[in-house]
Amino acid sequence: MLHYLIERRLQETVTAVCPSADTSQILVRPCVNSQFGDYQSNALMGLAKQKKMNPRRLAESVKERLDVGDYCEAVEIAGAGFLNFRLKNSAVVEVLKGACRGEHLFLQKSGKPRTIVIDFSSPNVAKPMHVGHIRSTILGDCLARTFRFMGHRVITDNHLGDWGTQFGKLLVGWRRHLDPAALAADPIGEMERLYRLVNEACDSEAEVLESARQELVKLQKGDPDNLAIWQKMIALSREQFDAIYGRLGVQFDFCLGESYYNPRLKSVVDQLVEAGMARESEGAMVVFFEDISELKAHPAIILKSDGAANYTTTDLATLLYRVETWRPDEIIYVTDARQQLHFKQVFTIFRRWQPQARPRLAHVWFGTILGEDGKPFKTRSGAIIKLADLLDEAEERAYQVVTAKNPELDEERRREIARIVGIGAIKYADLLPNRQSDYVFSWDKMLALNGNTAPYLLYAYTRIRSIFRRLSESSEAVYQLAEAADRPWSLTVVEEVVLAKHLLNLGLVLEAVSEEYRPNYLCNYLYELAGHFARFYETCPVLKAGGDERFQRLALCDLTSQVLQMGLGILGIETTDQM
RNA sequence: GCGCUCGUAGCUCAGUUGGAUAGAGCAGCGGAUUUCUAAUCCGCGGGUCGCAGGUUCAAGUCCUGCCGAGCGUGCCA
């Protein structure tokens, strides 16, 4: 929190010294090495270069006029022109006391709330959700929580795959081979079976293929029977999707599938043709990008030679709808890396088609989940892993661990802990790596109790809760967080200071997460926080301390647990008081 | 062929405007416990950041070339 104030003062001072400087580049960051101080600014070296000034001399003149004495010890110039800031303990204590009084939790909400649409998850009707959907779902949900927490208006929209040629085959299967009992027991399993059955038959029997084509045409023309079956398939699929979203704690404001945009597709094609952006080529309507080297070799088809639109057209119609309906400042698509070319095409077409449209368009892409063999994650027999099975296994494995560690808890309690730990471990393992890299899925690593894992963070939280449980059981249960603000603080032990200062950086980290769409920054911040807490916990007795020191340490524990719980909450991970 | 992304410790991965001595965890070795939950903490060893050039006061980070991997590349999404 103090970093904002230092940064603002520094920017003001730089403006005074060098009025033409771009202060948005004048940033203050945590020191890479604590021996230099708490925060540093490297920006003066860049500015000096830009303005052809001597960097040391610029740093000197800025330092002379810079007044941060209420927050910092003397500012130091180091090396080629680094500015180093070391916080005053009194300033750190004041911020902590503000948090004790409930004035803030180490961050400021955005002064300029934006409307942000996030498109994520997007499973296909009549197919099970599988590992391929978890990154989009977990990452998208986490970004939605982050932006909401920062004070923005967020609209989440699940763009279901509820339309397409597969429904011809599904309709044939439904009409000829449906097993109602199987459908009742496991709707998606049965629909998947029907699809496979017909799909295979299509390869060998021309009649089946022809029937599928006819059923699809009937559906597209609005045949009531086929429409009813199609709607039934969607409803059944959504029930199963919702069960999984329920387990993951993921919610959507809207669930407007591809079919929702069917009535709008023709208009999109017509407009692009009228605007001269699309033309006929090899029987299809195509947009070319002659002037963009990256896309020159990759024209986009917006109308197939059979007269049907494809996903580029649907995405354009969807984009226009969102812009017109919600007037967002930003639209974020969370999909895997393989769709990069597609979104470059869609965004490029949209910019040309709707040059006045203002939203920032972001494709937030992520890498593949690999098995231990380095190939895309599958079962041993090579089958796709269903998300429901994956969650079951996570909970079961976590249950085994909890039972081994804490057999005296009753079973219901152990199941509840296992649910939180298991689901949390899956989510954390997914959010921890840089989203752009592929990562290797490992049960042992994500459920490990040491290292950068959900169980480690959750354990840190339970240790704090345990202190407060002891406190409430004791006769000295006189602690109130707000009261800690009225007592003198000393912060004499280095572990206390390090923990306290780390708490202050939460806002900085959340800003980085939202600017770059990278929750792994928050994961690492929380891991470091848990580590600082563990060292504090080892060296600083809390309940055994007395007087003001006891109050101060209880408050540090309290605030740390709040930040842990809130941070994990932003990652979509629940906490538990016991493990 | 072209395009995108990547190549960091034995393994799995971090690495915020280019910034100070490149960091974690695991694995290995050695310590700490009559515990506020040791599901923890501390210490040690381990690196030519794929290779070669270039830009810069400063490059894991930016540019060029090469080697290697994954993905994409006109009628799936």
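Chain naming here is simple, since letters A, B, ... match the order of the sequence lines and numbering starts at 1 in each.
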So what does A:V542 touch, heavy atoms closer than 4.0 Å: a base, only the sugar-phosphate, or nothing?
base
Aromatic A:F288 / basic A:R279 pairing, under 6.0 angstrom, 45° off normal
yes
Tell me every residue that passes ring pair (Phe, Tyr, Trp, His ring centres under 6.0 Å) with A:H502, counting only those two or more places apart in sequence or in another chain.
A:Y525, A:H532
So A:N42, base contact, sugar-phosphate only, or nothing? Heavy-atom distance under 4.0 Å.
base
What does A:R469 touch in the nucleic acid at a heavy-atom separation under 4.0 angstrom: a base, only the sugar-phosphate, or nothing?
base
Could you list by number each residue of residues 22-34 of chain A showing a heavy-atom separation from RNA chain B of less than 4.0 Å, or answer none if no residue does?
A:Q25, A:L27, A:R29, A:V32
Please classify the nucleic acid contact of A:D577 as base, sugar-phosphate, or nothing, using heavy-atom distances under 4.0 Å.
base
Using a cut-off of 4.0 Å on non-hydrogen atoms, how would the nucleic acid contact of A:E511 be classed: base, sugar-phosphate, or nothing?
nothing
Assess whether one donor atom and one acceptor atom, taken from the side chain of A:E538 and the base of B:A32, lie less than 3.5 Å apart.
no
Below the 4.0 Å mark, does B:U40 have OP1 or OP2 next to a side-chain nitrogen or oxygen of A:N450?
yes
Given Watson-Crick and G-U pairs under 3.5 Å, RNA chain B in dot-bracket ([ ] crossing, | other strand) is (((((((..((((.....[...)))).(((((.......))))).....(((((..]....))))))))))))....
Please confirm whether A:R463 makes a cation-pi placement over A:F533, using NZ or CZ under 6.0 Å from the six-membered ring centre and within 45° of the ring normal.
no
Under 4.0 Å, heavy atoms only, any strand: does A:A512 hit a base, just the sugar-phosphate, or nothing?
base
Mind checking A:A78 for me? I need base, sugar-phosphate or nothing, with any heavy atom below 4.0 Å counting as a touch.
base
